[in-house]
There are 2 protein chains.
Amino acid sequence: MPTSERTIGRLSLYRRLLKQAVADGQENVYSHELGARAGATACQVRRDLMGLGCAGSPSRGYKVRALLERIDLFLDAPDVEPVAIVGVGNLGRAILSFFQRRRPKLQITAAFDSDPWKVDRVVQGVRCHALADIERVVREQEITLAVLTVPAGAAQEVVDTLVAAGIKGILNFAPAPLRVPLGVFVEDMDLAMSLEKVAYFARGRGGAPRKGGK
Amino acid sequence: MPTSERTIGRLSLYRRLLKQAVADGQENVYSHELGARAGATACQVRRDLMGLGCAGSPSRGYKVRALLERIDLFLDAPDVEPVAIVGVGNLGRAILSFFQRRRPKLQITAAFDSDPWKVDRVVQGVRCHALADIERVVREQEITLAVLTVPAGAAQEVVDTLVAAGIKGILNFAPAPLRVPLGVFVEDMDLAMSLEKVAYFARGRGGAPRKGGK
DNA sequence: ATCACATTGTGAAACTAATCACAGCTTAAC
DNA sequence: GTTAAGCTGTGATTAGTTTCACAATGTGAT
Ligand SMILES: NC(=O)c1ccc[n+]([C@@H]2O[C@H](COP(=O)([O-])OP(=O)(O)OC[C@H]3O[C@@H](n4cnc5c(N)ncnc54)[C@H](O)[C@@H]3O)[C@@H](O)[C@H]2O)c1
Ligand SMILES: NC(=O)c1ccc[n+]([C@@H]2O[C@H](COP(=O)([O-])OP(=O)(O)OC[C@H]3O[C@@H](n4cnc5c(N)ncnc54)[C@H](O)[C@@H]3O)[C@@H](O)[C@H]2O)c1
């Protein structure tokens, strides 16, 4: 079970590319094809797939449909997983609109905001609740995942509430370091940091080349 | 010059934490303090700082101000770096509003969109130009960095234009693999992928614990 | 002064992830 | 059939990153 954070990311990427391949009518892929599309080496693709127990044929490569099925089984929970979003500001609304156009297994089903003007509004088909209702709603809907788009200053406080309510995974957009107990997974999406990284490497300083090269 | 992609990310994070420390009136930090705040080990912090040529005192730790100065010098370009954003939709507007509240060295100075209704509008103080003007505006303002928030289907086309105009670094939000020539750096911010990762690890499958533990 | 202590700086070790290299298949062509 | 070609599956290898371990060092108490 070769499940490093990096591998999981690649599998998720392969899945998207494979869905595209299915849509294009492609039945089989070679590791080097998938690798080229994903920005990985053929070798790495094979290893990742091997970890899933996928087998390919030396002459036809891997069956696209079989791969997809295997990856789905591995990455997804058996049922739809409801997701909460806290902070229905500019970013929160953008994410809501993005996610509500089809995403079968991960569905945002509840929003929360401290602003009384937003409470009880319905945004992109999702009801916005008051902060005080987090615990109740999260338990009622058995939500285990949350997207955090509140100002940095409020982040830790909100996280504590979420964790107390039983949340197990958080996608955090607030530029603040979150303290969570063991067993809760946090993924930080730090826009400012990423842009600084881009600026640094664009300057050609680091010898970090980049996938592609049409 | 220990400049892996990972290290750069941490330095950027240290910088933000150190700015906070200065605001709080803190003069010195120990590696383990900074480490705790950044979710890294003391050891790693020391190594990262060592790479910058920073020195600390065994009794007082590192001087916060000196560290900041050193990191700024290392990460930032000498002058302000103008940034372009392409795709002024929900996400693009959120990013514009986020970035325009102070960010001294990286400034979004030009926006582009294919929608005629948006062209010539001013969003968050930034003028939105027509797509056809990318090359001219980018060259005029000597822009080398771009944020990409167009639909996935348009991403590659836009990237080709950006690269032709001289862009060297791209922060990409479109869930599409971008092909760029060598020397152009792309950082993908894949929201869907990240949420899938959170979902996977929240399920407790992988043994990937997480920083913190108040 | 001297000692006990906590911390830095860093070579070495441990660990993790990516790549190489090649045996073993499977097919297509002749 | 037999051969040639090209791919998979995987042990071995290499590269990269993190942690360990500890000598060296500055500080404050006695
Ligand atoms: N806008 C972006 O592109 C962007 C990018 C990266 C990071 N971020 C971060 O994401 C967060 C949100 O950004 P934004 O641009 O949407 O800001 P915003 O001000 O538009 O939205 C913040 C929302 O959070 C709500 N809120 C405030 N305190 C709250 C609390 N204690 N509990 C619940 N809700 C609360 C506010 O009512 C508001 O609706 C910030 O931390 C920001 O730094 C934003
Ligand atoms: N909204 C989110 O939270 C979110 C999250 C992750 C990724 N994304 C991705 O970011 C991108 C933008 O998302 P969004 O929600 O803002 O979509 P959107 O539809 O609101 O905005 C897209 C914008 O791009 C413009 N556009 C379309 N084609 C263009 C072209 N060829 N050149 C220039 N501009 C063009 C459109 O006019 C529109 O203004 C999409 O690729 C989406 O998948 C969005």
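Only this structure's heavy atoms are used, side chains among them; waters, hydrogens and symmetry mates stay out. Within every chain, numbering begins at 1; the chains are lettered A, B, ... in the order of the sequence lines, protein sequences first and strands thereafter.
- Heavy atoms of B:A42 sit nowhere under 4.0 angstrom from any nucleic acid atom.
- Between A:E81 and A:K105 there is no salt bridge, since none of the side-chain N atoms of the basic residue sits less than 4.0 Å from a carboxylate O of the acidic one.
- Nucleotide D:dG16 holds its P atom 16 Å from the CZ atom of B:R47, rounded to whole Å.
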Distances under 3.5 Å between nitrogen or oxygen atoms of protein and nucleotides 5-7 of chain D:
from	atom 1	to	atom 2	distance (Å)
D:dC7	OP1	A:H32	NE2	3.2
D:dC7	O4'	A:P58	O	2.9

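- Residues B:D190 and A:R16 are paired through a salt bridge, judged by an N-O separation under 4.0 Å between the basic side chain and the carboxylate.
- The list of salt bridge (Lys or Arg N to Asp or Glu O under 4.0 Å) pairs with a residue in residues 55-72 of chain A, not counting sequence neighbours, reads A:R15-A:D72.
- Separating the CG atom of A:L49 from the P atom of D:dT10 is a distance of 12 Å, rounded to the nearest angstrom.
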_Test side-chain hydrogen bond (donor to acceptor under 3.5 Å, both in side chains) on A:Q26 and A:Q20; report intermediate values, then the result._
CA-CA 9 Å; A:Q26 192 175 353; A:Q20 183 61 51; over 6 Å; no
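- Regarding contacts with the backbone of D:dT17, every side-chain N or O of B:Q44 stays at 4.0 angstrom or more from both OP1 and OP2.
- Counting only heavy atoms from C-beta outward, the side chains of B:V86 and B:V147 never approach each other to under 4.5 Å.
- Counting only N and O atoms by type, the side chains of B:Y14 and B:D48 include a donor and acceptor under 3.5 Å apart.
- Relative ring orientation between B:F201 and A:F185 is described as parallel, the plane-to-plane angle staying below 30° on a 0-90° scale split at 30° and 60°.
- At a threshold of 4.5 Å between non-hydrogen side-chain atoms, the residues B:P177 and A:L17 count as touching.
- Bracketed by its first and final contacts, the part of DNA chain C lying under 4.0 Å from non-hydrogen atoms of chain B reaches from C:dT7 to C:dA12 in 5' to 3' order.
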